[in-house]
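Each residue takes its place number in the sequence, starting with 1.
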Amino acid sequence: MLAIQAARAGGPEVLERVDLPVPSPGPGQILVRHQAVGLNFIDTYHRSGLYPMKMPAVLGLEAAGIVEAVGDGVTRFVVGDRVAYNGTLGAYAEAAMVPANRAVKVPDTVSLETAAAVLLKGMTAEFLVRRCHRIEAGQTALIHAAAGGVGSILVQWAKALGATVIATVGSETKAALARDHGADHVILYGQEDVSARVAEITGGQGVAIVYDGVGKDTFEASLKSLGRRGVLATFGNASGPAPAITPLELAGKSLFLTRPRLFDYIVTTEELDESAAALFAVLASGEVKIKVGQSFPLAEARAAHESLEGRRTTGATLLIP
């Protein structure tokens, strides 16, 4: 089977095509024949070495497809089930072995392409708005990279929960997308002073929560944009890791700072199922809509990484085996 592996840590040029044998599931495992593979920023962190891992390695943490075989002891799935998963390395391939307790069934109302596009990003949005900091009606949220994969879901879900949303984007085209998703205010962070605009919009009160998946380039503005007892959830590093700070820098307004990871919020199979159920429910309600902005053949994963890191993508991106 075709697979894409990183030969070593580095830029997109380290990605190479390899031919690997189709694995056979062991006890507690399922073999999933992929229909679509999700592309996520964390893939670039693994490839670059920002998140160290043993190389060479087949990248990718998210895909959807059909169960082709099940190992001993598996009762959660049967051959032919439509499933999706995230958090299991090796998705950049035509098929993958997945622990049965880390996959979820995909309801008939959701296409496998949508499931591959949304599961990791949607579960990330779910824990951010419902558990990391539970959005309440009337709160104001600042969401960076609001036209991106996670950002576009966050905007829609925060609006569905009754928040006023201030979105930041990098271009007029992405500003239009953020408005289409329901953002109340849009800031072009390359052209405007983000914290100054937030102060203007909020009458100097600041926001209750900042969801920041950008990292280094937005971190200072994120802190400055918070209101008293505000929460900064810095959950990504699209521009590089956020800088180190001292606890005293949070004291001025009794701020909260967290660096959450999805996988600490779906530790158990029960948490995984609950997160997926909440995501599929909000999709079924129509309050959150998923757009696949672009697709690449699996063999062109390098070009996909270049587009993602060059901020030339909108919404979700798929690799198609």
(Q) Would you compute the distance between atom OH of Y92 and atom NE2 of H34 and round it to the nearest 0.5 angstrom? (A) 12.0 Å
(Q) In the structure I gave you, are the side-chain heavy atoms of L250 and I245 within less than 4.5 Å of one another anywhere? (A) yes
(Q) Can a donor-acceptor pair be found, under 3.5 Å and without considering hydrogens, that links the side chain of S239 to the backbone of K216? (A) yes
Q) Do side-chain atoms of Q294 reach the backbone of T313 as a donor and acceptor pair under 3.5 angstrom? A) no
(Q) Quick check: do I4 and L319 have side-chain heavy atoms less than 4.5 Å from each other? (A) no
Q: Supply the atom-to-atom distance L226 CG to K253 NZ, rounded to the nearest 0.5 angstrom.
A: 6.0 Å
Q. Is the shortest side-chain N to carboxylate O distance from E126 to R131 below 4.0 Å?
A. yes
Q. Which of these, I266, N86, I30, sits in a side chain to side chain contact (heavy atoms under 4.5 Å, CB included) with R102?
A. I266
Q) Going by atom types only, do E16 and Q5 share a side-chain donor-acceptor pair under 3.5 Å? A) yes
Q. In Å and rounded to the nearest 0.5 Å, what is the CG to CD1 distance from L120 to I42?
A. 7.0 Å
Q.
For a quick check under 3.5 Å, do H305 and T44 share a side-chain donor-acceptor pair by atom type?
A. no
Q. Side-chain contact, heavy-atom cut-off 4.5 Å: E192 with E200?
A. no
Q: Would you check if there is a donor-acceptor pair between the side chains of D217 and Y189 at a distance under 3.5 Å?
A: no
Q.
Let me confirm one number: the NZ-OG distance from K174 to S152, rounded to the nearest 0.5 Å.
A. 11.0 Å
Q.
Quick check on Q205: does its CD atom have over 12 non-hydrogen neighbours (other residues, nucleotides or ligands) under 6.0 Å away?
A. no
Q) Does the E94 side chain pair with the main chain of L2, one donor and one acceptor, at a distance under 3.5 Å? A) yes
Q.
Would the distance check show the side chain of Y51 and the main-chain N or O of D43 forming a donor-acceptor pair, the cut-off being under 3.5 Å?
A. no
Q) Do L232 and T258 come close enough that some side-chain heavy atom pair is under 4.5 Å? A) no
Q) Are R130 and E274 close enough for a salt bridge, meaning some N to O gap below 4.0 Å? A) no
Q: Could you tell me whether a side-chain N or O of R197 sits under 3.5 Å from a main-chain N or O of L188, the two making a donor and an acceptor?
A: no
Q: Measure the shortest side-chain to side-chain distance between L272 and M123 over non-hydrogen atoms and say whether it is less than 4.5 angstrom.
A: yes
Q: Look at the side chain of R259 and the backbone N and O of T234, then say whether any donor-acceptor pair between them is shorter than 3.5 Å.
A: yes
(Q) Is it the case that the side chain of E271 and the backbone of V267 share a donor-acceptor pair, with hydrogens and angles ignored and the cut-off at 3.5 Å? (A) yes
Q. Within the side chain of T88, is there an N or O that forms a donor-acceptor pair under 3.5 Å with the backbone of V98?
A. no
Q) Hey, what do you get for CG (L142) to CG (L154), rounding to the nearest 0.5 Å? A) 11.0 Å
Q: Using the six-membered ring wherever Trp is involved, compare the ring planes of Y265 and F127 and label them parallel, tilted or perpendicular (cut-offs 30° and 60°).
A: parallel
Q: Check whether any side-chain N or O of Q29 sits under 3.5 Å from a backbone N or O of G26 as a donor-acceptor pair, and report yes or no.
A: yes
Q. Do the side chains of R302 and E13 get nearer than 4.5 Å, heavy atoms only?
A. yes
Q.
Could you check whether any side-chain N or O of R82 sits under 3.5 Å from a backbone N or O of K105, counting only pairs where one atom can act as donor and the other as acceptor?
A. no
Q: To the nearest 0.5 angstrom, please state how far the NZ atom of K121 sits from the CD1 atom of I290.
A: 9.0 Å
Q) Below 4.0 angstrom, N of the basic side chain to O of the carboxylate: do R76 and D273 qualify? A) yes
